[in-house]
Amino acid sequence: MGRSHAATGWCAGLLVSSCTDHPSPPVVALMACATAGFALLPDLDHRSSTASRLLGPFTRLVSWALRQASSAVYARTRAPGDRARDGEHRHLAHTALFGVGLGLVTALVVAVGGTPAALAVLGLGVLLAAAALGVWVLGVVAVALVLASLAGGTPVAAVDPEQAAFTVGGLVAVGCLVHDLGDLVTHSGVPLLWPLRIRGQAWYRIRPPAGLRFRAGGPFESWLVFPGLIVTGALLLFGVVSPASGG
């Protein structure tokens, strides 16, 4: 579901950018592209995911560490009603607590590291988005950077410095959460509300009724969900950029 996750992240990034004061097109483009990439981060708990393979040995090591941590947390917090699982994929990294926590950690890193840290985090998101959606993402960001430099700054500089950490951390959290919501409507579901106990389970997998679920990577996703997200993203982009360009 890499493409679909990235597309939902793109839409979410556009919605978040629309909440900022008079967002410029470069800011909108960078926020949307970065959030598209951040929407792949929870799948670092899968050894062959796009995120795990992105930077070779480095991201594979991060993936391994996350899987080990997830398995250990699952073993320690498993309730009597939970099934015997390895606790790796679709466990710790697919919870709301993980998404919010990663966003807070990112905000702290950006607050300490300033603009270089913000650019590094956003750059990672852009690379992830390009790996999932195609190299056109890099072209969009390149154009955004050129336009921003001609205007005398960078897309990050257009954001209030006091709000930069909150903004970048928020984008990471939003990306993770929309990923979880996407997996939630598949047959497997996700333990979104861990560690709350539901029906005797700490890792209760939330999902809609059987008739509303779909198979990840199946025809419904490929022929309806993904194209629908692309159309939605295009409409959102027009709606966000047009007022910004005119203001």
Review point. Given Ser63, which of Ser52, Ser49, Ser48 fulfils the side-chain hydrogen bond (donor to acceptor under 3.5 Å, both in side chains) condition?
Key: Ser52
Exercise for review: Determine, step by step, whether Leu128 and Leu41 satisfy the side chain to side chain contact (heavy atoms under 4.5 Å, CB included) criterion, reporting the C-alpha distance in whole Å, the side-chain angles of both residues, the deciding distance to 0.1 Å, and the verdict.
Suggested key: CA-CA 9 Å; Leu128 280 167; Leu41 289 175; 3.7 Å; yes
Review point. Taking Ser70 for the side chain and Leu66 for the main chain, is one N or O donor matched with an acceptor at less than 3.5 Å?
Key: no
Exercise for review: Determine the minimum heavy-atom distance between Pro195 and Leu97, stating which atoms define it.
Suggested key: CD-CD2, 4.4 Å
Point to revise | Hydrophobic cluster membership, Val109 vs Val168, 4.5 Å side-chain cutoff | key: no
Review point. What heavy-atom pair brings Ala36 and Ala129 nearest, and what distance separates the two atoms?
Key: CB-CB, 3.9 Å
Exercise for review: Classify the ring geometry between Trp203 and Trp194 as parallel (under 30°), tilted (30 to 60°) or perpendicular (over 60°).
Suggested key: parallel
Review point. Any donor-acceptor pair under 3.5 Å linking the side chain of Asp82 with the backbone of Ala79?
Key: yes
Review point. Heavy-atom distance under 4.5 Å between the side chains of Leu193 and Ile206, does that happen here?
Key: yes
Check your understanding: Without hydrogens or angle criteria, can the side chains of His91 and Asp86 be said to hold a donor-acceptor pair below 3.5 Å?
Key -> no
Practice item. Take Val141 and Leu30 through the side chain to side chain contact (heavy atoms under 4.5 Å, CB included) test and state the conclusion after the steps. Key: CA-CA 6 Å; Val141 173; Leu30 187 56; 4.1 Å; yes
Exercise for review: Could you label the plane-to-plane angle of the His5 and His179 rings as parallel, tilted or perpendicular, counting under 30° as parallel and over 60° as perpendicular?
Suggested key: parallel
Check your understanding: Do you know the tightest heavy-atom contact between Ala12 and Val178?
Key -> CB-CG1, 3.8 Å
Exercise for review: List the steps, then state whether side chain to side chain contact (heavy atoms under 4.5 Å, CB included) holds for Val16 with Thr35.
Suggested key: CA-CA 9 Å; Val16 172; Thr35 311; 6.0 Å; no
Point to revise | Closest approach of Thr59 to Ala51 (non-hydrogen atoms, all atoms of both residues) | key: CB-O, 3.4 Å
Review point. When you look at CZ of Arg47, are more than 12 heavy atoms from neighbouring residues, nucleotides or ligands closer to it than 6.0 Å?
Key: no
Check your understanding: Where do Leu122 and Met31 land on the side chain to side chain contact (heavy atoms under 4.5 Å, CB included) test, with the steps shown first?
Key -> CA-CA 8 Å; Leu122 293 172; Met31 291 177 73; over 6 Å; no
Point to revise | Co-membership, hydrophobic cluster, residues Leu55 and Val137, 4.5 Å side-chain | key: yes
Point to revise | Leu145 with Val140, same ILVMFWY side-chain cluster at under 4.5 Å | key: yes
**Study point:** Which atom of Trp10 lies closest to which atom of Cys33, heavy atoms considered
**Key:** CZ3-SG, 3.6 Å
Practice item. Check the hydrophobic clustering (I, L, V, M, F, W, Y; side-chain heavy atoms under 4.5 Å; chains of links allowed) and say if Leu44 and Trp64 are grouped together. Key: no
Review point. Between Leu104 and Val112, is there a shared hydrophobic cluster once you connect ILVMFWY residues whose side-chain heavy atoms come closer than 4.5 Å?
Key: no
Review point. Quick one: which of Val121, Leu102, Thr106 gives a side-chain contact (heavy atoms from CB on, under 4.5 Å) with Phe38?
Key: Val121
Revision key, fill the gap. Checking Arg90, Arg67, His94 against Asp45 for side-chain hydrogen bond (donor to acceptor under 3.5 Å, both in side chains), the one that qualifies is His94
Point to revise | Residue pair Glu88 / Gln68, side-chain heavy-atom distance below 4.5 Å | key: yes
**Study point:** For the student: nearest non-hydrogen atoms of Ala111 and Ala165, plus distance
**Key:** N-CB, 3.7 Å
